[in-house]
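Each remark here refers to the structure printed beneath this line.
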There are 2 protein chains.
Amino acid sequence: MNCLLKMRAMREQLSVNERKLADFILDNTQLLRDYSSSQLADAVGVSQSSVVKFSQKLGYRGYPSLKLAVYESYAGASIANDEDQSRHLGQANSPLSTLGQKKLEVLENTVNINESEQLAAAVQAIRSARCIQVSACPGSVSVARYLTHQLLELGCWAVFDEGGQLQHKIADSLSDDDLLCILCDFGGEESLVEVANRAHEHGVKVLSLTRYNYNAASIHSDIRLYVVPSEDDEALQRLLFRSAQLHVIEGLISGVLEGNG
Amino acid sequence: MNCLLKMRAMREQLSVNERKLADFILDNTQLLRDYSSSQLADAVGVSQSSVVKFSQKLGYRGYPSLKLAVYESYAGASIANDEDQSRHLGQANSPLSTLGQKKLEVLENTVNINESEQLAAAVQAIRSARCIQVSACPGSVSVARYLTHQLLELGCWAVFDEGGQLQHKIADSLSDDDLLCILCDFGGEESLVEVANRAHEHGVKVLSLTRYNYNAASIHSDIRLYVVPSEDDEALQRLLFRSAQLHVIEGLISGVLEGNG
DNA sequence: AAATTATTGAATAATTTATTCGTAATTCGT
DNA sequence: ACGAATTACGAATAAATTATTCAATAATTT
């Protein structure tokens with residue numbers, strides 16, 4: 001749960017002042033060390049109370065907690081950047097090398113953003129589910145298929161409605177022993193949200209794997225997993241996004257395997 | 001000017017209460033994180049003002065400064081201990097961590113084994129193909145679907161025969177402007193080999209992505225890409241194998257994207 | 001032993017942080 | 001496009017935390 005990452009990921013979702021704060025902190029992380037809430041407020045040009053509210057919106061108890069978290073993730077980041085980077089998946093001049101770096105970055109971010117309790121809960125949910133329905137927005141269909149396949153291979157009862165017309169019907173037939181997995185990228189898809197909502201209200205356990213932000217689909221979820229998008233051009237971003245989704249899924253599957261083995 | 005060191009060094013010259021404080025902090029460094037001055041005072045059994053004075057005696061402006069300094073030197077120490085081990089994609093104890101290391105290893109091997117000319121050729125072949133047929137052995141079906149999806153999204157004419165019964169028919173209709181992509185794991189599948197063979201003989205370009213070894217399918221290929229399997233138990237190995245296949249595929253797609261962009 | 005100095009905590013002042021509440025801006029539904 | 005509802009924002013203020021003062025006591029020096 002890296003604080004700076006979280007800030008960057010949420011940036012788009014923030015209001016004007018909140019974004020000002022986020023940008024300032026991202027740009028002047030080291031300054032925060034000796035700023036009080038009102039000093040920060042002055043530096044950014046907002047009120048002290050906005051600073052506190054911003055801290056709380058990000059999930060901290062208040063400004064001091066945010067400060068510490070920022071400090072933590074700043075220290076953490078500078079370590080990760082220092083060494084290793086660059087030798088790992090980023091060899092010479094092959095199509096795999098260019099991708100390697102970026103992919104590594106996205107995967108690292110994705111690993112960081114997901115809380116291990118949520119992951120553990122997801123593994124547990126998969127293991128104990130009677131039936132699993134997979135639903136996905138168009139951009140994540142291929143990932144959904146992959147997930148469904150893996151689940152079937154694990155011996156889970158999993159269905160994925162390719163076309164999407166039957167999603168509601170299937171969802172309605174789920175009970176509280178069952179699991180609904182929602183995969184989506186930018187999280188809006190109305191029909192998906194409705195499926196999640198209805199299922200959730202009926203007591204079905206809902207697991208979502210979405211872009212990290214305030215997300216319509218994840219609201220109706222019991223277990224929330226996230227992907228942090230990269231900042232490349234659209235096509236590459238989509239590719240990396242799926243790659244990160246796949247990574248999380250692989251993690252879940254291997255988690256289930258571990259428990260079984 | 002490491003704060004914890006300083007504390008230890010000064011220990012002998014401190015008064016009774018100050019020493020109590022120093023000892024407590026040295027023993028319970030991580031607790032300090034969420035202690036206020038009075039909580040610390042209570043925990044140690046001294047007054048709140050003693051805590052502040054202790055902070056100042058050590059050279060800090062007050063308690064918050066001490067706290068930060070302690071945190072700094074604690075974080076510094078734990079970093080120094082960790083050193084490279086374990087933090088990469090393998091953070092703490094999440095399902096993603098166990099996988100992270102192994103996955104990274106497999107991907108690295110896979111990146112290393114593939115010659116960049118072959119990769120470049122593959123990208124070129126995809127880019128210039130009129131139609132692309134994807135064929136896969138059962139273990140790689142989900143990867144094949146993923147590839148097909150990506151190709152379609154790129155605007156390539158791609159087909160994948162889910163059931164596999166039509167593979168021959170489709171293959172027979174390919175011409176030498178076309179590309180056949182063979183995905184398989186252990187490379188034996190007779191029907192696949194035959195498809196590859198026949199297509200190859202008809203002048204169709206054949207691209208194979210297989211396990212690295214002497215491989216019946218790759219013999220009949222123009223472009224040969226490989227995956228190096230891991231040495232885990234079967235289920236995990238399969239998972240990692242597919243993950244590596246996906247990585248190569250992502251590399252190809254991003255290669256094609258780069259050329260277009 | 002008396003004087004000086006250092007240590008300590010209760011009380012309190014100062015500062016920092018968090019909340020409340022009224023207004024302004026934005027979003028949503030029609 | 002309009003009004004209703006939600007959300008964002010900051011001034012005022014409450015709450016909490018931190019720092020200082022001061023008086024009492026303990027330690028040290030002479």
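Chain A is the first sequence line, chain B the second, and so forth, proteins listed ahead of strands; every chain is numbered from 1. All heavy atoms count here, side chains included; hydrogens, waters and symmetry mates do not.
- Scanning for side-chain contact (heavy atoms from CB on, under 4.5 Å) contacts around Val44(B) gives Lys20(B), Leu21(B), Phe24(B), Leu40(B), Val46(B), with sequence neighbours left out.
- Summary for the helix from dA1(C)-dT30(D) to dT30(C)-dA1(D): the axes at its two ends, each from 5 pairs, differ by 30° when rounded to the nearest 10 degrees.
- Contacts of Arg127(B) classified as salt bridge (charged side-chain N to carboxylate O under 4.0 Å, His left out), with partners at least two apart in sequence or in another chain: none.
- Listed by first then second residue, pairs satisfying side-chain hydrogen bond (donor to acceptor under 3.5 Å, both in side chains) with a partner in residues 25-34 of chain A read Arg33(A)-Glu72(B), not counting sequence neighbours.
- Under the salt bridge (charged side-chain N to carboxylate O under 4.0 Å, His left out) criterion, Glu234(A) pairs with Arg238(A), sequence neighbours left out.
- Among residues two or more places apart in sequence or in another chain, the salt bridge (charged side-chain N to carboxylate O under 4.0 Å, His left out) test is passed with Asp42(B) by none.
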Strictly under 3.5 Å: I want the nitrogen or oxygen pairs between protein and nucleotides 20-27 of chain D, one per line.
residue : atom : partner  : partner atom : Å
dT20(D) : OP2  : Gln56(B) : NE2          : 2.5
dT21(D) : O4   : Lys53(B) : NZ           : 3.4

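- Residues from residues 31-42 of chain B lying near DNA chain D, meaning a heavy-atom separation below 4.0 Å, are Ser36(B), Ser37(B) in numerical order.
- A salt bridge (charged side-chain N to carboxylate O under 4.0 Å, His left out) check over residues 117-126 of chain A, counting only residues at least two apart or in different chains, returns nothing.
- When the salt bridge (charged side-chain N to carboxylate O under 4.0 Å, His left out) test is applied to Arg198(A), the partners found at least two apart in sequence or on another chain are Asp172(A), Glu194(A).
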Within the sub-3.5 Å range, which N or O atoms of nucleotides 25-30 of chain C have a protein N or O partner, and how far apart are they?
none

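- Listed by first and then second residue, the salt bridge (charged side-chain N to carboxylate O under 4.0 Å, His left out) pairs that reach into residues 60-69 of chain B come to none, sequence neighbours excluded.
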